Amino acid sequence: MDYAVSDATGVNPLLDGEEHIRSWQTDRSRAPIATKIVVAGGFGVGKTTLVTAVSEITPLQTEALMTEASEETDDLTATPGKTTTTVAMDFGRITLDDDLVLYLFGTPGQQRFWFMWDDLVRGAIGAVVLADTRRLKDCFPALDYFESCGLPYVVAVNHFDGSERFEPEDVREALTIPPHIPVMIMDARRRISAIETLLSLVAHALDETPE
Ligand SMILES: Nc1nc2c(ncn2[C@@H]2O[C@H](COP(=O)(O)OP(=O)(O)OP(=O)(O)O)[C@@H](O)[C@H]2O)c(=O)[nH]1
Ligand SMILES: [Mg+2]
């Protein structure tokens, strides 16, 4: 099933956020389907950035300031501008094609908060695993987690400025991702790029769901 990024009136709901939300809330003829999606990946890979970029509501964030105390455990070499980290979850919402509402749950990246994941994935239709090609191995725990619990997932490489560009097939090979799982290169800061990733996950989750 394809979900277009516009509605029947020709108004693009993803760009006209406030107006769209108003009509969405008052139109009684519609029965939108609500689904839950998890955004996972290693520390500082851009999970909070993605949820913030696409959310049509002010995203719920649980960011805590990082201090020198975590210098030993939290490697900031790839993201020197990062000053906070997610300690519980990110939460946002996006409506696609007027009848599909995605509730986005971003996981915390630091290993010491992984106990949250079992709660965050409950009821989800699928997950986006974000990866950074400079530290690919950081996404292995997320890949293993979703493989072991059987949740459909896609792999999205969040391309950071200045890092080497790779083709999706190179990333697939490096991570040994099976052929049926979508792998894409995106930019978590760009709304349209992040939405494309979410659409790909929804399509993949529908393919994986038994009739
Ligand atoms: N250049 C560039 N910077 C990015 C991109 N995505 C995120 N960032 C920056 O990278 C840093 C990490 O982003 P976050 O969104 O906090 O990462 P996170 O995965 O939520 O981190 P944790 O919750 O701490 O695991 C931030 O300083 C962002 O501004 C990107 O695509 N390109
Ligand atoms: Mg975060």
Side-chain angles (χ1 to χ4, degrees), residues 36-94 102-121 124 126-146 153-168 170-171 175 182-201:
K36 175 176 177 180
I37 281 180
V38 173
V39 181
F43 170 68
V45 76
K47 302 174 292 292
T48 302
T49 305
L50 186 152
V51 174
T52 307
V54 297
S55 185
E56 64 201 7
I57 54 171
T58 306
L60 170 84
Q61 294 183 345
T62 58
E63 295 295 287
L65 266 183
M66 290 190 295
T67 65
E68 283 177 7
S70 73
E71 227 169 352
E72 302 272 298
T73 34
D74 300 333
D75 184 1
L76 289 174
T77 41
T79 52
K82 185 171 164 65
T83 54
T84 63
T85 186
T86 306
V87 292
M89 62 171 168
D90 309 301
F91 174 72
R93 185 190 76 195
I94 178 165
L102 305 184
Y103 289 100
L104 305 176
F105 289 75
T107 60
Q110 289 171 311
Q111 200 166 350
R112 55 189 177 279
F113 295 120
W114 284 357
F115 65 89
M116 291 286 304
W117 286 35
D118 290 338
D119 288 326
L120 284 174
V121 301
V128 173
V129 176
L130 281 181
D132 175 359
T133 50
R134 296 167 300 175
R135 34 193 178 135
L136 270 185
K137 67 173 175 29
D138 290 7
C139 74
F140 280 128
L143 295 175
D144 290 346
Y145 185 90
F146 297 121
Y153 65 90
V154 297
V155 177
V157 173
N158 181 21
H159 179 70
F160 282 77
D161 309 327
S163 68
E164 193 180 342
R165 260 200 177 270
F166 291 93
E167 293 302 317
D170 298 334
V171 176
L175 293 173
V183 177
M184 69 216 75
I185 313 289
M186 48 84 76
D187 184 335
R189 299 165 301 176
R190 284 185 46 233
R191 191 158 199 249
I192 292 298
S193 176
I195 287 170
E196 278 167 6
T197 303
L198 296 174
L199 287 171
S200 151
L201 173 62

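Both ligands and their constituent atoms are indexed starting at 1 by order of listing. Treat the numbers as computed from the prediction; the structure is a model and nothing was measured.
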Report task. Could you walk me through whether Val129 and Phe146 pass the side chain to side chain contact (heavy atoms under 4.5 Å, CB included) test, one step at a time? Result -> CA-CA 9 Å; Val129 176; Phe146 297 121; 3.6 Å; yes

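- Between Asp161 and Arg189 the shortest side-chain heavy-atom distance falls below 4.5 Å.
- Looking at atom 12 (C) of ligand 1, its nearest protein heavy atom turns out to be Gly44 O, 3.6 Å.
- Given atom 8 (N) of ligand 1, the protein heavy atom at minimum distance is Phe160 CE2, 3.6 Å.
- Atom 4 (C) of ligand 1 lies below 4.0 Å from at least one non-hydrogen atom of the protein.
- Smallest separation of non-hydrogen atoms from Ala188 and Asn158: N-OD1, 2.9 Å.
- Across Asp119 and Lys36, no two heavy atoms sit closer than the pair O-NZ, 3.8 Å.
- Around the CD atom of Glu63, the shell of radius 6.0 Å holds more than 12 heavy atoms that belong to other residues, nucleotides or ligands.
- Atoms of ligand 1 found under 4.0 Å from any heavy atom of His159, numbered from 1 in the order shown, are 30 (C), 31 (O), 32 (N).
- Protein-derived N/O/S atoms nearer than 2.8 Å to the Mg ion (ligand 2) total 2, waters excluded.
- Residues Leu130 and Cys139 approach most closely at O-CB, 3.8 Å, considering heavy atoms.
- Taking 4.0 Å as the cut-off, Arg190 does not count as a neighbour of ligand 1 on heavy-atom distance.
- Within the listing of ligand 1, atoms 30 (C), 31 (O) sit less than 4.0 angstrom from a heavy atom of Asp187.
- Protein heavy atom closest to atom 29 (O) of ligand 1, with residue, atom name and distance, is Thr49 OG1, 4.5 Å.
- For atom 31 (O) of ligand 1, the closest non-hydrogen atom on the protein side is Asn158 OD1, 2.7 Å.
- Scanning both residues, Lys82 and Gly44, for their nearest heavy atoms gives CE-CA, 3.6 Å.
- For ligand 1, the polar-atom distance check against Gln110 finds no nitrogen or oxygen pair separated by under 3.5 Å.
- For Arg190, there are no salt bridge (charged side-chain N to carboxylate O under 4.0 Å, His left out) partners, not counting sequence neighbours.
- In this structure, the side chain of Thr52 engages the main chain of Thr48 through a donor-acceptor pair within 3.5 Å.
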Requested in this report: Starting from the C-alpha separation in whole Å, work towards a yes-or-no answer on side chain to side chain contact (heavy atoms under 4.5 Å, CB included) for Asp138 and Val45.
Outcome: CA-CA 9 Å; Asp138 290 7; Val45 76; over 6 Å; no

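- Remark: ligand 1 and Glu63 share no N or O pair separated by less than 3.5 Å (distance only, no angle test).
- Looking at ligand 1, you'll find an N or O of Val45 within less than 3.5 Å of one of its N or O atoms.
- Looking only at heavy atoms of the protein, atom 11 (C) of ligand 1 is closest to Thr79 CG2, 3.8 Å.
- Across Arg189, Gln61, Met186, heavy-atom proximity to atom 32 (N) of ligand 1 is greatest for Arg189.
- For ligand 1 and Phe43, the ligand atoms under 4.0 Å from any heavy atom of the residue are 24 (O), 25 (O).
- Classified by interplanar angle (parallel below 30°, tilted 30° to 60°, perpendicular above 60°), the ring pair Tyr145/Trp117 is perpendicular.
- Judged by distance alone, with hydrogens and angles left aside, the side-chain atoms of Arg165 form no donor-acceptor pair with the main-chain N or O of His159 at under 3.5 Å.
- Of all atoms in ligand 1, numbered sequentially from 1 with element shown, those under 4.0 Å from a heavy atom of Asp161 are 1 (N).
- For the pair Lys47 and ligand 1, the shortest N or O to N or O distance falls below 3.5 Å.
- Counting protein heavy atoms only, atom 24 (O) of ligand 1 is closest to Thr85 OG1, 2.5 Å.
- Protein heavy atom closest to atom 21 (O) of ligand 1, with residue, atom name and distance, is Lys82 NZ, 2.9 Å.
- Looking at every heavy atom in both residues, Leu104 comes nearest to Ile94 through CD1-CG2, 4.3 Å.
- Annotation for Arg112 and Ser70: closest pair NH2-CB, 4.1 Å, computed over non-hydrogen atoms.
- Among all non-hydrogen protein atoms, the one lying nearest atom 17 (O) of ligand 1 is Gly46 N, 3.2 Å.
- Here Leu76 contributes atom CG and Phe43 contributes atom CZ; the two are 5.0 Å apart, rounded to the nearest 0.5 Å.
- For atom 23 (O) of ligand 1, the candidate residues are Thr86, Asp138, Leu50, Val87; the nearest heavy-atom contact is made by Thr86.
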